[in-house]
A.B. asks: 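Mind looking over this structure? Questions follow.
This is a predicted model, so every value here is computed, not measured. A, B, ... follow the sequence lines: proteins, then strands. Residue 1 opens every chain.
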Number of protein chains: 2
Amino acid sequence: MSQPEQVPARPTIKSVARHAQVSYQTVSNALNAPERLRPDTLTRVLRSVEELGYRPTQAARNLRLQTTRLIGFRSTRSDGQGVSSIESRFLYALTSAARDRGYGVILFAADGDEDEIAMFEDLVSRGAVDGFVLSGSHRHDPRTAWLAEREVPFVSFGRPWEKTSFDYSWLDVDGHAGTVAATEHLAANGHRRIGFIGWPEGSEVGDDRYAGYLAAAADLGLPTRGLTVRGLDGIGAGTQLAAGLLGKAHPPTAFVCVSDAMAVGAMHAIEHRGLAVGRDVAVIGFDDSPLATVVQPAMSSVRQPLESIARRCVDLLLDRIDDPRSAVLTSVVEPTVIARGSSNPTQPSPPDGA
Amino acid sequence: MSQPEQVPARPTIKSVARHAQVSYQTVSNALNAPERLRPDTLTRVLRSVEELGYRPTQAARNLRLQTTRLIGFRSTRSDGQGVSSIESRFLYALTSAARDRGYGVILFAADGDEDEIAMFEDLVSRGAVDGFVLSGSHRHDPRTAWLAEREVPFVSFGRPWEKTSFDYSWLDVDGHAGTVAATEHLAANGHRRIGFIGWPEGSEVGDDRYAGYLAAAADLGLPTRGLTVRGLDGIGAGTQLAAGLLGKAHPPTAFVCVSDAMAVGAMHAIEHRGLAVGRDVAVIGFDDSPLATVVQPAMSSVRQPLESIARRCVDLLLDRIDDPRSAVLTSVVEPTVIARGSSNPTQPSPPDGA
DNA sequence: GTGTTTCATATGAACGTTCAAATGGATAGA
DNA sequence: TCTATCCATTTGAACGTTCATATGAAACAC
């Protein structure tokens, strides 16, 4: 009654061979070593490939080549924690970059380090991935040791925060340079009293960004005494911390903030005092999350070049996959200031006044 | 000089067989059809499996079984658009759900529909995935037709917004029911004049949510005239729209908002008038994005049950993969109100007053 | 015209599985 | 004791590739 085959079966290398009147190994050569074929047979085979829409079956290549062309990456439960959204952007960039090199990204869900290692174990033992891109490095991170010990290729987006007995490739954003650039940006717009709203001491990333602010201020001869406050991340916290500074005798005229959420909070505090964000008091956030463009005026922020980081992560990882003895490379890339209304003295003018 | 092999090669079914003194096919049987083995050989084989840490190589299974146990999902460039972050949560849930059924999620980057279809083409022709989970359905969506035509298994998270000549399985969140619940929640807390802050007419999702508000208000006998405003998404827009309503002669005492960004904006407007969010004017957002918990007071929101949606997406997709003739199922799931400070008359009390 | 080289193409084998079918030893029935 | 039945295990084959090697025809030198 019903047709047995509506959709034609996917062509194999043999059906192409039959179509082109050659042996199937010749088709393989046409694709993998075209210089071996006589030009006329090459075009004939290639036309058959085209005509039948043939693409080598992934599973068969994988088996033969002992590779998967797949990169593992952890999907985090970002449940309510922060408005990072950095992950989403990085993931897109990573996937694009991998694809450009002929690789795919396979995602796995993991809750903590142990959970993630269990996933490593699973994927590696099944030979389901060629390597991993790690993110969210932190102190006492057991993941790198586990992978290094088993000689599983990996690259970390996020520097090691402590000495390890082994080396591995990593990339990171220079948070220090980011707050330096942010502070310089505000100073270039004429601000002398620049405040800092940060996270409590103890977080690797937060301390790094704080240090950058301090260094830039010292370099520029700007005061920092009584101009820095720190607290847990959040819009509400940012409002309170900024309000505290604004209520002082000599309030800052600009804020460098450790995160976009803090910066949005600072913007509220400024508006709450009847001041205009950008004109009266400048604000700059960090991460350039979607938050930055959803507020009014749009918020300046320090943007991590996730696209190029992702690309370099893939490059480094593939180097290691191709040759496990390849050199270990590490690099710190500088984020850039994205200037928007929240740090412009006047809305329409460009942000490069002296 | 250097050791030839630091890490032992991954065990294959044959090395297990040698270790357990059986043929390698018996090892396969032990794993896939244990009832065929005599109990003592079964335990012996299983112990060898355990001891060597053997796991069947994915590529070999894939080739033999003509399957990949991989689900394709598009990674979107959420660049600066909105604070959705829904995607991130869904992705985690999808990955978990897939894994529980023995599947992995492979990500691909695509910018628009055509780009995504090109990725379908690529992945399908290489036999790299067993099926797809779609998201972000919209009017004139060419993706479903493409997949349906080629009989590629797929499920859509997001209903079809127009009639199609073919059927497919989909799941969606009932935005209508969400705003109904939000409105009822506010009414239950004693509010009679409930405003609505929405998106401009024309967006499928926005109109659906607006209709829910209207229906609930009508049902409860509440006024809506002069209480609804609409504008493009954003915190700033929310502030302006809410300020407009609050400035009226008979302002609303509560806001149902089409998104969390709008709701955060409304909270600002309320505070700006010197009123207390929650006590004086209640606010409820939609999506329960990270934004909701990053503000002060924490914001009530309508939460999409992404975890169960992801699970059901996987279930439906695997049904179709297992049997392409399996029934087409569609279902609309109801989101739930997450009550927090922004809609509580008094901070510490539970949100169930009359 | 025979022997050697060269190049294009074909043959054989392997990657690690799973499934269908064959084998062989034990048990039961005559 | 011989054949039939059963069950545990083994044998054979296949999934679709790619790589190493063998073949054979044409081209060249002698």
A.B. asks: Parallel, tilted or perpendicular for A/Phe120 and A/Trp146, by the 30°/60° rule?
C.D. replies: tilted

A.B. asks: For A/Asn29 and B/Asn29, find the nucleotide of DNA chain D closest to each by heavy atoms; which residue's nucleotide sits nearer the 5' end?
C.D. replies: B/Asn29

A.B. asks: Report the residues that fulfil side chain to side chain donor-acceptor pair (under 3.5 Å) with A/Arg47, sequence neighbours left out, ordered by chain and then residue number.
C.D. replies: none

A.B. asks: Answer yes or no: does atom CZ of A/Arg101 have more than 12 heavy-atom neighbours from other residues, nucleotides or ligands under 6.0 Å?
C.D. replies: yes

A.B. asks: Contact class for B/Leu65 (heavy atom, under 4.0 Å): base, sugar-phosphate, or nothing?
C.D. replies: sugar-phosphate

A.B. asks: State, to the nearest 10°, the angle formed by the axis through the first five base pairs of the helix from C/dG1-D/dC30 to C/dA30-D/dT1 and the axis through its last five.
C.D. replies: 70°

A.B. asks: Should A/Asp111 and A/Arg77 count as an ion pair when the cut-off is N to O under 4.0 Å?
C.D. replies: yes

A.B. asks: What is the separation between atom CG on B/Asn32 and atom C1' on D/dT9, rounded to the nearest whole Å?
C.D. replies: 16 Å

A.B. asks: Any luck finding a side-chain donor-acceptor pair between B/Ser331 and B/Arg312 under 3.5 Å?
C.D. replies: yes

A.B. asks: Taking CZ from A/Arg38 and P from D/dA27, how many angstroms apart are they, rounded to a whole number?
C.D. replies: 10 Å

A.B. asks: Determine whether a donor-acceptor pair (N or O, by modelled atom type, separation under 3.5 Å) exists between the side chain of A/Ser125 and the backbone of A/Glu121.
C.D. replies: yes

A.B. asks: First and last nucleotide of DNA chain C in contact with chain B, 5' to 3', at under 4.0 Å to a heavy atom: what are they?
C.D. replies: C/dG16 to C/dC19

A.B. asks: Between B/Gln21 and A/Thr12, which has a closest nucleotide on DNA chain D that is more 5'?
C.D. replies: B/Gln21

A.B. asks: Measure from CD on A/Glu35 to C1' on D/dC19 and round the result to the nearest Å.
C.D. replies: 14 Å

A.B. asks: Determine the contact category for A/Ser28: base if any of its heavy atoms lies under 4.0 Å from a base atom, sugar-phosphate if only primed atoms, P, OP1 or OP2 are that close, otherwise nothing.
C.D. replies: base

A.B. asks: Pick from B/Phe73, B/Phe166, B/Tyr168: which one makes a ring-ring contact (aromatic ring centres under 6.0 Å, His included) with B/Phe154?
C.D. replies: B/Tyr168

A.B. asks: OP1 or OP2 of D/dT10 less than 4.0 angstrom from a side-chain nitrogen or oxygen of B/Thr26, does that happen here?
C.D. replies: yes

A.B. asks: Is a donor from one side chain sitting under 3.5 angstrom from an acceptor on the other, for B/Thr68 and A/Gln58?
C.D. replies: no

A.B. asks: For A/Arg44 and for B/Gln25, locate the closest nucleotide of DNA chain C by heavy-atom distance; then report the residue assigned to the nucleotide nearer the 5' terminus.
C.D. replies: A/Arg44

A.B. asks: Would you say CZ of B/Arg99 has more than 12 non-hydrogen atoms from neighbouring residues, nucleotides or ligands within 6.0 angstrom?
C.D. replies: no

A.B. asks: Have a look at B/Leu37 and say if it touches a base, only the backbone sugar-phosphate, or nothing, with a 4.0 Å heavy-atom cut-off.
C.D. replies: sugar-phosphate

